[in-house]
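Notes to accompany the following structure.
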2 protein chains.
Amino acid sequence: MAQVNYEALIRNVPDFPIPGVQFKDITTLLRNGPAFQSVINSIADQYRDQQVDIVAGVESRGFIFSAPVAYQLGAGLVPIRKPGKLPADTIEVAYSLEYGTNTLQMHADAFPRGARVLLVDDLLATGGTIAAAVQLVNQLGGEIVGLAFVIELGFLNGRATLGEYPIFSLVRY
Amino acid sequence: MAQVNYEALIRNVPDFPIPGVQFKDITTLLRNGPAFQSVINSIADQYRDQQVDIVAGVESRGFIFSAPVAYQLGAGLVPIRKPGKLPADTIEVAYSLEYGTNTLQMHADAFPRGARVLLVDDLLATGGTIAAAVQLVNQLGGEIVGLAFVIELGFLNGRATLGEYPIFSLVRY
């Protein structure tokens, strides 16, 4: 298939969720079947020979990309969720946001120690969310293969927080 | 691949989210790569010759299955979300729950009139959520190809609410 122009398919929504923010709306990309397939294949291709056991994704938009990448790689999917959503025993990490804090949980038996884990999310902004996800994976003794994003907001310098892990992003602003 | 015993991979969590409920935990199925692939293939196989344009899924657990099914079928993915999450113009439907009401939104330009839409969700319980999703798709003039679920709680009789549409479920209780 010809190279897909992802940027042309991502809609810019001004002043969402708050005035002054230019929101990158991926729904215009998702509704295009061939473009969505191409996104998933492009991410999966980066890790095809890296024996990924588990793909972990953060709710909710993260599930949209982590689930098909797991499917494509034949890996298991581990959901990382907001408090109170996962039914069995969990571990958790709290992290700071611009306003207040947030908490993420993962099942305590999500994968065995030493599992090779790929983290997939829609967006790398300041990196706070994915850094919390990395902490959860490390707590269970997972080996992080890489961090993959559809969009990277380079000007927010999220890479600075995540320096030691290999990062892949498809579209950079 | 040999037939996967899905029921053996779904964990039963008693008294979640409230006392007396036996919660069907799919995370133990998801973390098994071959089983997860088999779930997605089994759903996609039902619709392969039905020219599905769009797969619509309800956040958040619904994304885990709708996204890979869309990917597998080469269809677009349309997310149906809780209020305030979708950045552009939306349509919405409110529906009753056991306690209070809930609202779901979809982008007003999610797909063109006449698009062939498959709805995929993790669970068919009383059918309230998926009936609201059906209303959203109908409001935009979508043609509903079918409703697909991983788990159906038959004793809650959700099918009664959704009688006119073809329903597929993988595991029935």
Side-chain angles (χ1 to χ4, degrees), chain A residues 11-17 21 23-37 39-41 44 52-79 81-82 84-89 106-107 109-112 115, chain B residues 11-17 21 23-37 39-41 44 52-79 81-82 84-89 106-107 109-112 115:
Chain A
R11 170 163 57 187
N12 200 61
V13 180
D15 301 320
F16 184 90
V21 172
F23 189 83
K24 302 299 175 194
D25 178 16
I26 51 159
T27 65
T28 38
L29 169 61
L30 296 174
R31 72 189 182 197
N32 181 318
F36 181 46
Q37 272 192 332
V39 166
I40 300 306
N41 290 338
V52 174
D53 299 310
I54 294 289
V55 175
V58 182
E59 77 169 314
S60 336
R61 266 194 304 266
F63 292 170
I64 290 176
F65 301 100
S66 54
V69 169
Y71 169 80
Q72 234 300 311
L73 294 174
L77 177 74
V78 166
R81 303 204 62 181
K82 285 155 199 156
K85 301 295 188 71
L86 291 169
D89 289 342
M106 190 168 75
H107 271 148
D109 64 353
F111 50 79
Chain B
R11 169 163 57 185
N12 200 63
V13 181
D15 301 319
F16 185 89
V21 173
F23 189 83
K24 302 299 174 194
D25 178 16
I26 50 160
T27 65
T28 37
L29 169 60
L30 296 174
R31 73 189 182 197
N32 181 317
F36 182 47
Q37 273 192 332
V39 166
I40 300 305
N41 290 338
V52 174
D53 299 312
I54 293 290
V55 175
V58 181
E59 77 170 314
S60 329
R61 267 193 303 267
F63 292 170
I64 290 174
F65 301 100
S66 55
V69 169
Y71 169 80
Q72 233 301 310
L73 293 174
L77 177 74
V78 166
R81 303 203 62 181
K82 285 155 199 155
K85 301 294 188 71
L86 291 169
D89 288 343
M106 189 169 73
H107 271 148
D109 63 354
F111 50 79

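All chains are named by letter (A, B, ...) in the order of the sequence lines, taking the proteins before the strands, and each is independently numbered beginning at 1. Basis for what follows: all heavy atoms, side chains included, without hydrogens, waters or symmetry-related copies.
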Which portion of [X] sits near chain A, non-hydrogen atoms under 4.5 angstrom:
{"X": "B/D109", "value": "both"}
{"X": "B/A56", "value": "neither"}
{"X": "B/I54", "value": "side chain"}

Using non-hydrogen atoms only, which part of A/F111 is less than 4.5 Å away from chain B: side chain, backbone, both, or neither?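 Neither part.
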
Can you tell me which portion of A/P79 sits under 4.5 Å from chain B's heavy atoms? Options are side chain, backbone, both or neither.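 Only the side chain of A/P79 comes within 4.5 Å of chain B.
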
Ring centre gap for B/F63 and A/F63 strictly below 6.0 Å: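 No.
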
Highest number of heavy-atom pairs under 4.5 Å with chain B: which of [options]?
{"options": "A/R11, A/E59, A/R61", "value": "A/R11"}
{"options": "A/G84, A/P87, A/G33, A/A67", "value": "A/P87"}
{"options": "A/V39, A/I40, A/L29", "value": "A/I40"}

I want to check something: taking the side chain as every heavy atom from C-beta on, are [X] and [Y] in contact at a cut-off of under 4.5 Å?
{"X": "B/H107", "Y": "B/V78", "value": "no"}
{"X": "B/R31", "Y": "A/L77", "value": "no"}
{"X": "A/F65", "Y": "A/I26", "value": "yes"}

Among [options], which residue has the highest count of heavy-atom pairs closer than 4.5 Å to chain A?
{"options": "B/F16, B/F36, B/Y71", "answer": "B/Y71"}
{"options": "B/V55, B/N32, B/T27", "answer": "B/T27"}
{"options": "B/D53, B/D25, B/V13", "answer": "B/D25"}
{"options": "B/N41, B/L73, B/T28", "answer": "B/N41"}
{"options": "B/S66, B/A70, B/A110", "answer": "B/A110"}

Could you pull out the closest heavy-atom pair between B/L86 and B/R81, with the gap in Å?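 Heavy-atom minimum between the residues: CD2-CD, 3.8 Å.
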
Grab the two heavy atoms, one from A/Q72 and one from B/Q37, that are nearest each other, plus how far apart they are.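 Looking at all heavy atoms of both residues, the closest pair is O-NE2, 4.3 Å.
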
